[in-house]
Each structure stands twice: as structure tokens, then as C-alpha cells.
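Here is the naming used below: chain letters follow the sequence lines, and residue numbers restart at 1 for every chain.
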Number of protein chains: 2
Amino acid sequence: MLAAIEAGGTKFVCAVGDETGRIVDRIKIPTTIPEETMTEVIKFFKKYTVKSIGIGSFGPIDINEDSPAYGHITSTPKLAWKDYPIVETMKKAFGVPVGFNTDVNAAALGEATFGAAKGLDSCLYITVGTGIGAGAIVQGQLLQGLSHPEMGHILVRRHPNDSYEGNCPYHGDCLEGMAAGPAIENRWGLKGAELSEREEVWDLEGYYLAQAIMQYSLILSPKKIILGGGVSNQKQVFEAIHKYLPEFIQNYISLPELSSYIVKPGLGDDSGISGALMLASRALENN
Amino acid sequence: MLAAIEAGGTKFVCAVGDETGRIVDRIKIPTTIPEETMTEVIKFFKKYTVKSIGIGSFGPIDINEDSPAYGHITSTPKLAWKDYPIVETMKKAFGVPVGFNTDVNAAALGEATFGAAKGLDSCLYITVGTGIGAGAIVQGQLLQGLSHPEMGHILVRRHPNDSYEGNCPYHGDCLEGMAAGPAIENRWGLKGAELSEREEVWDLEGYYLAQAIMQYSLILSPKKIILGGGVSNQKQVFEAIHKYLPEFIQNYISLPELSSYIVKPGLGDDSGISGALMLASRALENN
Ligand SMILES: Nc1ncnc2c1ncn2[C@@H]1O[C@H](COP(=O)(O)OP(=O)(O)O)[C@@H](O)[C@H]1O
Ligand SMILES: Nc1ncnc2c1ncn2[C@@H]1O[C@H](COP(=O)(O)OP(=O)(O)O)[C@@H](O)[C@H]1O
Ligand SMILES: [Zn+2]
Ligand SMILES: [Zn+2]
């Protein structure tokens with residue numbers, strides 16, 4: 001069996017399955033403190049003969065194999081998890097290869113293997129939820145370098161009629177500060193799900209996400225863009241992106257027809273956990 | 001011998017050498033019309049026994065091997081070269097494998113193999129000259145997907161005291177429209193080289209380039225950033241980038257010490273031609 005963990009800030013999803021993406025058992029465990037959460041995680045996997053483990057994790061994390069902090073969750077605001085060596089914990093418990101990457105890189109890998117970008121060697125997975133993050137597959141490999149990408153905090157141009165100051169603790173009005181779920185709630189005074197009928201909300205959201213997609217496309221040139229996360233449940237967001245993206249790009253690059261280029265996750269909520277399964281599979285191969 | 005071509009808008013640099021980066025002969029040929037320029041190019045290489053050819057080209061170009069227009073220079077404003085099948089021309093003349101990529105991807109490959117990023121599997125090469133472009137190596141591979149990156153045209157935030165409208169024919173005030181050599185000349189009324197003493201010129205230039213580097217770093221996380229092109233001859237530009245980049249990033253990601261992270265090309269003017277030699281070498285290996 002391959003073991004997969006989607007380690008999130010509110011819950012851990014654990015699954016066992018195989019390299020075809022088939023999941024045979026899964027469990028959700030609340031994210032409390034490592035001692036509690038990881039004990040439950042290990043207990044779940046101990047029911048199986050685990051050949052390798054893949055972890056897609058919330059971050060920031062250290063994915064540089066030459067670093068002494070490799071396999072750690074690093075400077076997270078969730079203090080109980082700061083500097084937590086999640087890879088080491090799993091290696092000690094199971095003695096098998098462990099693949100480790102960000103939740104969004106894992107989701108991109110899941111979508112590129114089994115989902116909306118199946119068969120493509122390149123895609124971008126963006127989540128717009130409590131925060132904004134993105135992962136990517138480039139020439140079949142997970143996008144990483146000095147560290148993993150932090151695409152949610154890119155600069156955007158403020159809409160001339162938008163006076164919301166932004167709520168990113170670092171940058172104020174970066175993309176995440178202007179367009180993640182909490183920014184929507186702060187700006188309009190209601191949760192995103194309660195604003196479905198308010199056209200101007202999703203038009204503005206599309207204005208910022210279209211800018212982000214322009215930057216991502218010019219810099220990475222992905223073959224497919226997958227937009228997930230709570231906010232992507234508002235289908236008007238896709239319409240607004242389709243409206244604004246051509247206004248920003250001005251035909252400078254030619255993109256495929258937008259409704260098939262920027263799409264929902266093909267795997268629904270399973271992009272991340274399926275990608276983690278693939279991280280396990282790759283860890284086994286590389287061993 | 002490996003053959004290398006750095007195909008530029010004003011001149012073609014052609015060289016023969018080997019996979020260690022050694023160049024044994026080279027020539028510069030003016031870029032006029034394909035019939036003239038390519039005749040000279042072929043004549044030069046015919047003096048040698050060419051095993052494979054690498055081309056780093058001005059663009060836009062088609063580098064998608066599955067595309068019918070693969071190997072063409074596509075929608076360039078240099079009309080004589082529009083849709084010109086440069087790869088096919090060289091294949092017909094020499095019957096050897098041809099590697100083909102953008103000038104800036106080639107330069108990134110050259111720097112990652114022999115230059116300032118030697119030994120790294122990741123780097124970003126930015127040129128700020130007549131235009132702005134960038135190429136990258138990601139996990140040892142050339143960055144490409146749907147097409148090649150077009151990083152010069154990302155959106156930047158206008159400096160509050162800058163009233164220059166920008167000169168990009170597509171976007172007006174995108175990065176290239178605000179910060180390439182011609183934008184500097186337009187805004188200040190003198191050529192860049194004549195503005196060395198004007199501190200405010202290079203401060204503003206650094207303001208825009210720091211924004212670009214922030215976006216590139218958040219999205220690609222390169223291990224080293226190499227800044228070339230005519231404008232990078234002003235060393236004050238590096239100082240201004242060092243000043244503004246931390247103001248934009250706000251410690252959200254940690255970067256290496258900036259003076260060793262953002263550097264001049266290790267190969268001087270030879271990044272591109274050396275990278276083209278590596279494209280030739282890779283084309284031979286992949287054959
Ligand atoms: N249907 C919806 N429409 C708009 N916003 C939503 C919707 N569902 C959730 N959200 C917003 O998305 C955020 C939660 O994102 P989600 O992707 O579900 O979780 P997380 O990012 O924490 O993993 C919240 O800010 C919430 O208000
Ligand atoms: N020393 C310099 N200082 C500032 N700008 C320069 C300098 N040298 C060249 N430039 C500017 O760079 C541009 C030419 O860029 P360059 O990289 O030399 O060529 P190209 O981009 O055409 O290959 C021109 O706009 C020129 O004014
Ligand atoms: Zn931010
Ligand atoms: Zn532009």
C-alpha cells in the first residue's frame with residue numbers, strides 16, 4: 001500500500017491506495033498539536049503494510065533535501081507545529097521512503113496525473129480559500145528551487161474603485177490580502193458563501209485573480225490552470241476572470257479558449273490527497 | 001564540433017565549440033533578411049564538421065515539438081523573419097539534431113552550466129536591454145510549458161511620483177513598458193548610458209525591477225538571479241534593487257544575501273552563445 005497525507009491547518013486527510021490513484025481507505029483527523037494528530041495518523045497507517053509515504057503539507061515547509069531542516073514544517077503561525085519534523089516522524093514510525101512537498105504542489109501533481117490536466121507535463125493549481133496558494137508541474141516535475149513557490153503573495157494593482165486596505169499581515173494589499181476568502185469577508189461584511197447574489201463582489205474578485213493568472217502565465221506558461229478552494233465554488237469568479245484576463249493580456253500571448261484553459265479541479269476535493277499518493281509512488285521509485 | 005547560434009534582432013552570433021563550453025571559432029553576422037543572414041550562417045558552419053546545432057533565438061518562437069510551427073520564429077515585428085522556419089533551414093543544411101529555445105532560456109542554461117549559477121539546478125536569467133525578457137532553469141530543465149515564458153510583460157505598480165505613461169505597444173505600463181532601455185530614454189530624454197550620474201533614474205529603475213524580481217521569486221523560487229543586458233551596466237541598479245526588494249517582500253520569504261543572490265552574468269556577453277552550445281549538446285544526447 002502507498003500512504004498519503006494531506007496535512008492541512010484544520011485537518012489531516014490520510015489515505016491508503018495505489019499508484020493508479022485508487023484509494024481504499026481514508027480518514028480525517030483534526031489538526032490540534034503534533035503529539036495528538038500524528039499519533040492518530042500513525043495509528044491509521046499501522047493497519048496497513050505501507051511501502052512508502054507521500055505528504056502534501058501546509059507551510060511554509062523545508063523541501064530542500066540538502067538542508068538540515070529538510071522535512072520540517074518551518075515558520076508557520078500555528079505555533080505547535082513550528083519546526084515540526086513531520087518527515088522524520090513518519091520515517092521513524094514506518095522505516096519507508098517519504099515524499100514531501102507543499103499541499104498545492106501535491107494538488108498540481110494529482111491533477112496532472114489523474115485530473116483536469118491528466119497526461120499533461122505542465123499545469124498550475126491555484127487554491128483560493130482561507131489563503132491563496134499555487135503549485136505547479138513544469139516539464140513533469142514539481143516546481144521548486146531555492147524553496148517552494150509562494151505565489152499567493154504576488155503584487156496586484158488595486159482596482160480604482162476598491163478602497164479595501166487588504167489584510168495580509170506582511171504586505172497588506174498583495175493578492176492574498178485582497179482576494180482570499182477572509183479579504184472578501186472583511187471587505188463586504190459577509191462570508192463569501194452569503195454573497196453569491198452580489199455581482200460586484202465576484203467581478204472584483206475576478207479582477208484580482210485575472211491579474212494573478214496573467215503573471216503566472218507570463219512567467220510559467222502552464223498548459224492548464226486549475227482553480228480550486230472555497231472561493232472557486234462561485235462560478236461567477238470564472239466568468240469575471242474570462243472577462244478581465246484578455247483586457248490585461250491584450251493579445252500579447254495567445255492562450256487556449258479560456259473556458260477549457262482555466263477549469264475546476266477534475267478530482268473535486270481529492271486533488272491534494274491523490275497528489276500525495278503520487279508523491280509516495282515517486283518516493284518509492286527514487287529509492 | 002558543436003554549433004551554436006545566438007539569433008538576435010540586430011545580429012546573429014555563431015560559434016563552434018564543445019560541451020565543456022570551449023569556443024574555438026566565432027562570427028557575428030548582421031540580422032537583415034533570412035536569405036542573406038542564414039546564407040552567411042550556413043557558410044560559417046560549413047567550414048566545420050558539425051555534430052549538432054543549438055539555437056537560442058529572439059522571439060516569439062514556437063518551441064512546442066508537437067506543433068506544426070515548431071522551430072519557427074512566429075509573430076515577430078521583424079516582418080522578414082515572421083514565420084521563418086529556422087530549425088528546418090539548419091536541419092536541411094546539416095542533417096544533424098537541432099536544439100531550439102529562446103535566447104534568454106539559452107542564457108539561463110549557459111549561466112547554470114558555466115557561469116554565475118554553475119552547478120545549480122535552478123536559476124533565472126533576466127535581460128534588461130531594448131526589451132525585457134527572462135529565461136529559467138527549473139530542476140535542471142529549461143522552463144517551458146504551453147509556450148516559452150514572456151516574463152518581461154508582467155504588471156508592475158506605478159511609482160506614485162512617476163507620470164511616464166509607458167511605451168509597451170500592448171500594455172503601456174507593463175514592466176518592459178516602464179523599465180526597458182527605450183522607456184528610460186523616453187522618460188528622461190537621454191540614453192541610459194548618458195544618465196549614469198542621475199541617481200533618481202536608477203532608483204526608479206530598481207523600484208520596478210525589484211517588483212519584478214519579487215514576482216519571479218514568489219512564483220519560481222530560483223536559486224540565483226542573473227541580471228544582464230545593457231541597462232545592467234549601471235551598477236546603481238543593483239543597489240536600488242537591494243534597497244526596494246526587502247521593502248516589497250517584507251520578510252515574507254527569506255532570500256540569500258542579495259549581493260550574492262542577484263548578480264551579473266558570470267560569462268559576460270557569452271551567456272547566450274554558451275547556452276546555445278549546451279542546447280546543441282543536449283540535442284545530441286537526446287537523439
Ligand atoms: N461557496 C463559497 N463561496 C465563496 N466563498 C467560500 C465558499 N465556500 C468557502 N468560501 C470561503 O473560502 C474560505 C475557506 O476556504 P477553503 O478552501 O474551504 O478552506 P481552506 O483554505 O482553509 O483549506 C473561507 O474564507 C470561506 O468564506
Ligand atoms: N551603460 C548603459 N547604461 C544604461 N543603459 C544602457 C547602457 N548600455 C546600453 N543601454 C541601454 O540598453 C538598451 C540596449 O540593450 P542591449 O542589451 O545592449 O541590447 P539588446 O537588448 O538590443 O540585445 C538600449 O536601450 C540602451 O540605451
Ligand atoms: Zn502577502
Ligand atoms: Zn507589455
Side-chain angles (χ1 to χ4, degrees), chain A residues 60 63-64 74-75 120-124 133-134 136-158 168-176 210-212 214-225 247-256 261, chain B residues 60 63-64 74-75 120-124 133-134 136-158 168-176 210-212 214-225 247-256 261:
Chain A
I63 57 173
N64 175 355
T74 57
S75 57
L120 299 181
D121 64 355
S122 150
C123 76
L124 178 74
I137 301 297
V138 173
Q139 300 238 51
Q141 295 185 289
L142 294 153
L143 177 59
Q144 62 186 75
L146 187 65
S147 178
H148 53 78
E150 289 282 3
M151 302 195 204
H153 293 262
I154 60 169
L155 299 172
V156 287
R157 285 185 185 164
R158 173 180 292 280
C168 173
Y170 294 89
H171 312 111
D173 59 2
C174 69
L175 175 67
E176 179 169 302
Q211 286 187 49
M214 170 162 171
Q215 310 289 68
Y216 301 152
S217 292
L218 290 172
I219 294 171
L220 284 173
S221 194
K223 291 185 180 170
K224 185 83 88 171
I225 296 177
E247 290 183 19
F248 285 120
I249 292 187
Q250 287 292 336
N251 285 315
Y252 179 69
I253 52 171
S254 64
L255 294 176
Y261 183 57
Chain B
I63 58 172
N64 176 355
T74 56
S75 56
L120 299 181
D121 64 354
S122 148
C123 76
L124 178 73
I137 302 297
V138 174
Q139 300 236 52
Q141 295 184 289
L142 295 154
L143 178 59
Q144 62 186 73
L146 186 65
S147 178
H148 52 79
E150 288 283 4
M151 301 195 204
H153 292 262
I154 60 170
L155 300 173
V156 286
R157 286 184 186 166
R158 173 180 292 278
C168 173
Y170 294 90
H171 312 112
D173 58 2
C174 69
L175 175 67
E176 180 170 302
Q211 287 186 48
M214 170 163 171
Q215 311 289 70
Y216 301 153
S217 292
L218 291 172
I219 295 172
L220 283 174
S221 195
K223 290 185 181 170
K224 185 83 86 172
I225 295 177
E247 290 182 19
F248 286 120
I249 292 188
Q250 287 292 336
N251 284 315
Y252 180 68
I253 53 170
S254 63
L255 293 177
Y261 183 56

Kindly say whether L142(A) contributes a backbone atom to a donor-acceptor pair with the side chain of Q139(B) at under 3.5 angstrom?
yes
Looking only at heavy atoms, the pair that brings G145(B) and S122(A) closest together is CA-OG, 3.9 Å
Option in M214(B), E150(B), Q250(B) with maximal non-hydrogen atom pairs under 4.5 Å from chain A:
E150(B)
Could you check which of I219(A), I253(A), I137(A) has the highest count of heavy-atom pairs closer than 4.5 Å to chain B?
I219(A)
Nearest 0.5 angstrom please: I154(B) CD1 to S217(A) OG, how far?
12.5 Å
Just so I understand: if I count every heavy-atom pair under 4.5 Å between each of M151(B), K223(B), Q215(B), R158(B) and chain A, which residue has the most?
Q215(B)
Ignoring hydrogens, what is the shortest heavy-atom contact between L155(B) and F248(A)? Give both atom names and the distance.
CD1-CD2, 4.0 Å
D121(A) versus chain B, heavy atoms under 4.5 Å apart: side chain, backbone, both or neither?
neither
Who wins among Q144(A), Q211(A), Q141(A) for the most heavy-atom pairs under 4.5 Å with chain B?
Q141(A)
Any idea which heavy atoms bring L220(B) and L143(A) closest together, and the distance?
CD2-CD1, 4.1 Å
Which heavy atom of L146(A) sits nearest a heavy atom of P222(B), and at what distance?
CB-O, 3.5 Å
So for I249(A), is it side chain, backbone, both, or neither that comes closer than 4.5 Å to the heavy atoms of chain B?
backbone
Given a strict heavy-atom distance threshold of 4.5 Å, which part of S221(A) is in contact with chain B: side chain, backbone, both, or neither?
both
Which atom of L218(A) lies closest to which atom of H153(B), heavy atoms considered:
CD1-O, 3.4 Å
Spacing of OH belonging to Y252(B) relative to SG belonging to C168(A), to within rounding of 0.5 Å:
7.0 Å
